[in-house]
There are 2 protein chains.
Amino acid sequence: MDQRPRRVTINDIAAATGFAASTVSRALSRPGRVNAVTRDAITQVARSLSYVPNTHARALTSGRTETVAVLVSDVTNPFYFGLIRGTQHQLKAAGYAHLLIDSENSGGLESHMLTKMRQSIDGAILAASRLPDRLLAALAAELPIVAINRNVHGVPSVLIDSPSGVAQATEHLISLGHREIAYLSGPENSWANAARWRALVTTAARHGLPVRRLGPFPADRMNGSAAADALINTNVTACITFNDLLAIGVLARLHERGVNVPGQISIVGCDDIFGADFCHPTLTTLTAPIEQAGQVAVSMLLTRLHEGAPTTRQSIVLPTHLTVRDSTGPAPD
Amino acid sequence: MDQRPRRVTINDIAAATGFAASTVSRALSRPGRVNAVTRDAITQVARSLSYVPNTHARALTSGRTETVAVLVSDVTNPFYFGLIRGTQHQLKAAGYAHLLIDSENSGGLESHMLTKMRQSIDGAILAASRLPDRLLAALAAELPIVAINRNVHGVPSVLIDSPSGVAQATEHLISLGHREIAYLSGPENSWANAARWRALVTTAARHGLPVRRLGPFPADRMNGSAAADALINTNVTACITFNDLLAIGVLARLHERGVNVPGQISIVGCDDIFGADFCHPTLTTLTAPIEQAGQVAVSMLLTRLHEGAPTTRQSIVLPTHLTVRDSTGPAPD
DNA sequence: CTGAAAGCGCTAACAT
DNA sequence: ATGTTAGCGCTTTCAG
């Protein structure tokens with residue numbers, strides 16, 4: 001009674017219409033290859049029997065699964081919320097299923113999951129992959145992938161142009177009179193972290209200004225305390241933080257320790273995640289189009305899947321802009 | 001060259017070991033049914049060939065897919081972040097794949113996706129289903145499901161006990177001297193919304209106090225403005241909000257209009273989502289164990305799948321508690 | 001305990 | 001344009 005009630009198959013439709021199973025198959029999956037009237041007859045019967053094609057049988061023969069895996073390094077990180085939203089949306093529009101995988105910040109788990117799932121998916125989106133360049137490139141040779149915020153030769157990717165955003169942020173701080181700026185560093189193995197630091201160094205150098213690098217700090221709210229304490233020990237009047245999560249943590253700790261933001265120190269975040277506009281004070285940050293990044297990544301992947309084109313080395317860079325809120329202000333005298 | 005490099009199958013292992021394919025199959029999926037030494041030989045060869053079983057072939061014959069769908073009504077809503085984290089974690093631990101589906105607040109899309117996916121999944125977790133009771137019950141008869149925050153006869157579920165939390169919150173407000181409390185209502189078709197409202201009414205009545213119901217408001221930050229404005233038009237000194245998202249929106253609007261919280265009005269949220277502890281002022285709210293809800297839901301589903309037991313009508317209620325922060329205070333004189 | 005054989009539902013050559 | 005015939009890789013009777 002709890003048994004699955006014997007689904008209707010392509011053969012049932014064949015029997016009902018008098019056509020061969022293969023014709024039914026064609027009519028349903030390659031409508032062009034079949035006479036219009038037989039196609040209509042078949043579609044009609046299929047509908048009336050409420051036929052649903054069996055994904056597995058289809059995948060088994062065709063190799064296509066209409067499923068894309070989205071790997072994030074930590075589902076918990078609100079940065080991914082927007083991204084997941086973007087991939088989810090775009091994938092659904094294309095009729096693809098969305099397999100969510102959390103690699104728990106581990107390259108090992110990442111590649112393990114990927115090999116395990118290889119035949120269950122047509123491709124994958126790797127957000128913030130923890131895989132070393134070589135492995136990533138090797139993987140890309142076996143499986144269509146698109147990386148987000150990761151620039152490796154031979155791996156199509158969607159990059160968020162934080163460098164130019166960081167440059168803007170730096171100019172913003174300098175124009176407010178800040179002469180010494182610190183960078184609160186995120187994970188050492190993060191591509192974005194390195195890119196942001198470099199951009200800060202470059203821009204500050206152009207103005208003949210020194211920068212300090214503090215950290216690394218794991219990029220979560222908790223570690224904002226350590227970061228804030230480190231910050232207080234310096235005499236910088238402004239800092240750019242690896243990401244908003246960390247920045248929000250810093251803000252909380254600074255408040256706790258009675259340091260006024262932006263009165264005594266200005267804070268800039270990165271990403272503009274959920275919360276950046278309602279924390280206290282609201283956070284000046286680099287707004288990254290992360291939902292769009294998810295969408296674009298999916299589009300690239302899908303194109304690749306459909307064209308069959310190797311599409312090596314294709315990369316798209318998405319712009320960021322500085323969103324000024326209340327956490328930055330004039331340097332104290 | 002881009003062709004998938006011909007995966008190793010059970011037959012390769014059979015050839016390599018000299019055993020029949022069926023024996024290999026058994027050794028790999030039902031180790032008990034096979035001689036220890038042949039099993040070891042087979043496992044060994046399988047490993048050395050880095051064999052990965054084909055999900056689809058397996059699903060096709062066995063009917064099992066080791067995949068569970070998690071349906072949320074809106075991936076964007078931070079309430080689901082914790083939930084997804086919980087399901088993701090638990091599912092992965094059990095070796096199941098996690099299929100994320102966004103039903104976009106539409107019952108139609110919800111059931112459509114579910115029928116389409118029926119043979120691709122072993123079961124589903126429905127978070128905040130928009131399906132009418134009857135359809136939900138019918139669905140549960142066909143497919144193992146566990147509902148979250150939805151109480152329908154015959155559908156196993158995980159319920160978050162907001163009623164007792166709301167009661168606590170109400171007592172909290174009354175003890176602070178508030179004599180007239182409003183409820184900012186969420187979507188009318190939400191089970192949780194109804195439950196919360198009832199709990200407020202009951203508790204207030206016990207103290208002989210009136211309550212006002214405002215709304216309904218779509219439960220997102222945007223609509224916090226409308227909700228706040230409606231609130232200002234009353235002369236209540238405190239309100240309980242359907243959820244934190246709405247509450248955070250209300251806080252922002254109140255601030256904008258110069259209304260002091262909690263000086264002039266106290267606000268209580270529900271759920272304790274990401275952000276509730278760092279918005280301004282920090283939000284007094286009902287802390288719901290939503291990550292745990294996800295975990296429990298998965299456990300229930302998995303038990304059901306493995307025991308094969310119909311497990312009708314099993315429900316688990318998870319407790320909530322009031323987390324007092326800065327958005328509530330004594331009633332103004 | 002192990003092997004042989006028969007499919008699961010569908011697609012993809014190959015014929016017609 | 002349609003039908004025939006083989007499987008895809010695996011599990012599962014059913015024998016031995």
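Numbered from 1 within each chain, the chains take letters A, B, ... in sequence-line order. Any value given below was found using the heavy atoms of this structure, including those in side chains, with hydrogens, waters and symmetry copies removed.
A heavy-atom distance below 4.5 Å is found between the side chains of A/M300 and A/V296. Annotation: side chain of B/K92 is in contact with side chain of A/E104 (closest heavy-atom distance under 4.5 Å). Here the side chains of B/D133 and B/R150 are in contact, with some heavy-atom distance below 4.5 Å.
Taking atom CG of residue B/D40 and atom P of nucleotide C/dT2, one finds them 11 Å apart after rounding to whole Å. Rounding to whole angstrom units, CZ of residue B/R39 and C1' of C/dT2 are separated by 15 Å. Computed from coordinates, the B/L49 CG to D/dG9 P distance equals 14 Å when rounded to whole Å. Taking atom CD of residue A/E66 and atom P of nucleotide C/dT11, one finds them 10 Å apart after rounding to whole Å. Atom-to-atom, CD1 of B/I10 to P of D/dT12 comes out at 11 Å; the value is rounded to the nearest Å. Following rounding to the nearest Å, B/Y51 (OH) and D/dG9 (P) show an atom-to-atom distance of 10 Å. We find that CG of A/N11 is positioned 9 Å from C1' of C/dC10, with the value rounded to whole Å. Following rounding to the nearest Å, A/L60 (CG) and D/dC10 (P) show an atom-to-atom distance of 9 Å.
A close approach under 4.0 Å does occur between a side-chain nitrogen or oxygen of A/T38 and OP1 or OP2 of D/dT2. For the OP1/OP2 pair of C/dT11 and a distance below 4.0 Å, the side-chain nitrogens and oxygens of A/S22 include no atom meeting the criterion. Taking 4.0 angstrom as the limit, A/R33 places none of its side-chain polar atoms (N or O) nearer than this to OP1 or OP2 of C/dT11. Of the side-chain N and O atoms in A/R58, none sit less than 4.0 angstrom from OP1 or OP2 of C/dC10. An OP1 or OP2 oxygen of C/dT11 is reached within less than 4.0 angstrom by no side-chain nitrogen or oxygen of A/R30. For the pair B/R64 and D/dT12, the criterion of a side-chain N or O lying under 4.0 Å from OP1 or OP2 is met. For B/S62, no side-chain nitrogen or oxygen approaches OP1 or OP2 of D/dT11 to under 4.0 Å.
Nearest nucleotide to the side chain of B/N54, out of D/dT11, C/dT11, D/dC10: D/dC10. For B/R26, taking side-chain heavy atoms from C-beta onward, the closest of the listed nucleotides D/dT11, D/dC14, D/dT2 is D/dC14. Between C/dT11, C/dG3, C/dC8, one nucleotide has an atom nearer to the side chain of A/T61 than all others, and that is C/dT11. Of the candidate nucleotides C/dG9, C/dC10, D/dT2, D/dT2 has the atom lying nearest to any side-chain atom of A/F19.
In this structure, A/D12 does not pair ionically with A/R7, as no charged nitrogen and carboxylate oxygen lie closer than 4.0 Å.
A residue-by-residue look at A/A20 and A/A57 shows that A/A20 has its nearest nucleotide of DNA chain D further toward the 5' end.
In this pair, A/H56 and B/H56 present their aromatic rings tilted. The plane angle is within the 30 to 60° band.
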Might you work through the side chain to side chain contact (heavy atoms under 4.5 Å, CB included) test for A/L126 and A/L114, ending with a clear yes or no? CA-CA 10 Å; A/L126 305 191; A/L114 245 16; 4.0 Å; yes

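Across all strands shown, B/S25 has heavy atoms under 4.0 Å from base atoms, whether or not it also approaches the sugar-phosphate.
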